[in-house]
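This is the structure I have questions about; it appears just below.
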Amino acid sequence: QVQLVESGGGSVQAGGSLRLSCAASGRTFNPYAVGWFRQAPGKEREFVATIWSSAITNYADAVKGRFTISRDNAKNTVYLQMNILKPEDTAVYYCAAANAGYGSSRPTHYDFWGQGTQVTVSS
């Protein structure tokens, strides 16, 4: 069992930056693929980025070039650096971990989820 806790959300103006953290406890994070997803009010949860246990990364087209996912296995933490934020990035952001070492854009691929952290971008 892996417990995930997100942090780093907040309110920022368009063009600003935030760094989200996903800290894991319970087990070492190394073997897991980790994904970031987001959900805006009235919308379905959507894929943002994923990082495999091998550090391969993949991004949704909407964030490519603006967001960077990384992991620090020594700290059992995955990060999402978000730059050039836009109002449409406003959502609750969730991290998730998959027992499989490879990532996916499908939420059903992931076995463990955090509680989410709110990101609000104003214009």
Does the side chain of Thr57 reach to within under 4.5 Å of the side chain of Thr68, using non-hydrogen atoms?
no

If only atom types and distance count, is the side chain of His109 paired as donor or acceptor with the main-chain N or O of Ala97 below 3.5 Å?
no

Correct closest heavy-atom pair for Ala98 and Tyr32 would be O-CD2, 3.2 Å

Applied to residues 34-82, the disulfide (SG to SG under 2.5 Å) test, sequence neighbours excluded, yields none

Those residues at least two apart in sequence (or on a different chain) that pass side chain to side chain contact (heavy atoms under 4.5 Å, CB included) with Gln1 are Gln3, Phe112

Scanning both residues in full, the closest heavy-atom pair of Arg71 with Asn73 reads NE-OD1, 3.0 Å

Residues passing the side chain to side chain contact (heavy atoms under 4.5 Å, CB included) test with Pro87, sequence neighbours excluded, are Ala14, Val121, Ser123

Applied to residues 108-123, the salt bridge (charged side-chain N to carboxylate O under 4.0 Å, His left out) test, sequence neighbours excluded, yields none

Residues Arg27 and Asn76: closest non-hydrogen pair is O-ND2, 3.1 Å

Tightest non-hydrogen contact, residues Ser21 and Thr77, listed as CB-CG2, 4.2 Å

By side-chain hydrogen bond (donor to acceptor under 3.5 Å, both in side chains), Arg19 pairs with (sequence neighbours left out) none

The side chain to side chain contact (heavy atoms under 4.5 Å, CB included) partners of Thr120 (sequence neighbours excluded) come to Ser11, Thr90, Gln118

For Thr28, the side-chain hydrogen bond (donor to acceptor under 3.5 Å, both in side chains) test, sequence neighbours excluded, returns Asn30

Those residues at least two apart in sequence (or on a different chain) that pass side-chain hydrogen bond (donor to acceptor under 3.5 Å, both in side chains) with Thr108 are Arg106

**Study point:** Chi angles and distances behind the side chain to side chain contact (heavy atoms under 4.5 Å, CB included) call for Val48, Ile69
**Key:** CA-CA 9 Å; Val48 175; Ile69 189 171; over 6 Å; no

Quick note, disulfide (SG to SG under 2.5 Å) partners involving residues 55-123, not counting sequence neighbours, are Cys22-Cys95

Passes side chain to side chain contact (heavy atoms under 4.5 Å, CB included), Trp36 versus Thr50? Steps please. CA-CA 6 Å; Trp36 284 98; Thr50 186; over 6 Å; no

Hey, any chance Val12 and Met82 share a hydrophobic cluster, counting ILVMFWY side chains that come within less than 4.5 Å of each other, even indirectly? yes

For Ala40 and Ala91, the nearest pair of non-hydrogen atoms, with its separation, is N-CB, 3.8 Å

With sequence neighbours left out, the residues meeting side-chain hydrogen bond (donor to acceptor under 3.5 Å, both in side chains) with Asn83 are Ser17, Gln81

Residue pairs meeting salt bridge (charged side-chain N to carboxylate O under 4.0 Å, His left out), one or both in residues 29-43, sequence neighbours left out, come to Arg38-Glu46, Arg38-Asp89

(Q) Quick one: does any side-chain atom of Tyr110 pair with a main-chain N or O of Ala33 as donor and acceptor, under 3.5 Å? (A) no

One should read off an interatomic distance between Ser25 OG and Leu4 CG, to the nearest 0.5 angstrom, of 7.5 Å

Task: Within one Ile-Leu-Val-Met-Phe-Trp-Tyr cluster: Trp113 and Val2, side-chain cutoff 4.5 Å - done: no

In short, ring-ring contact (aromatic ring centres under 6.0 Å, His included) pairs touching residues 40-97 with sequence neighbours left out are Phe37-Phe47

Practice task
List the steps and the verdict of side chain to side chain contact (heavy atoms under 4.5 Å, CB included) for Leu18 and Leu85.
Solution key: CA-CA 8 Å; Leu18 285 173; Leu85 282 161; 4.1 Å; yes

Closest non-hydrogen atoms of Glu6 and Thr117, given as atom of the first, atom of the second and distance, are CB-CG2, 3.9 Å

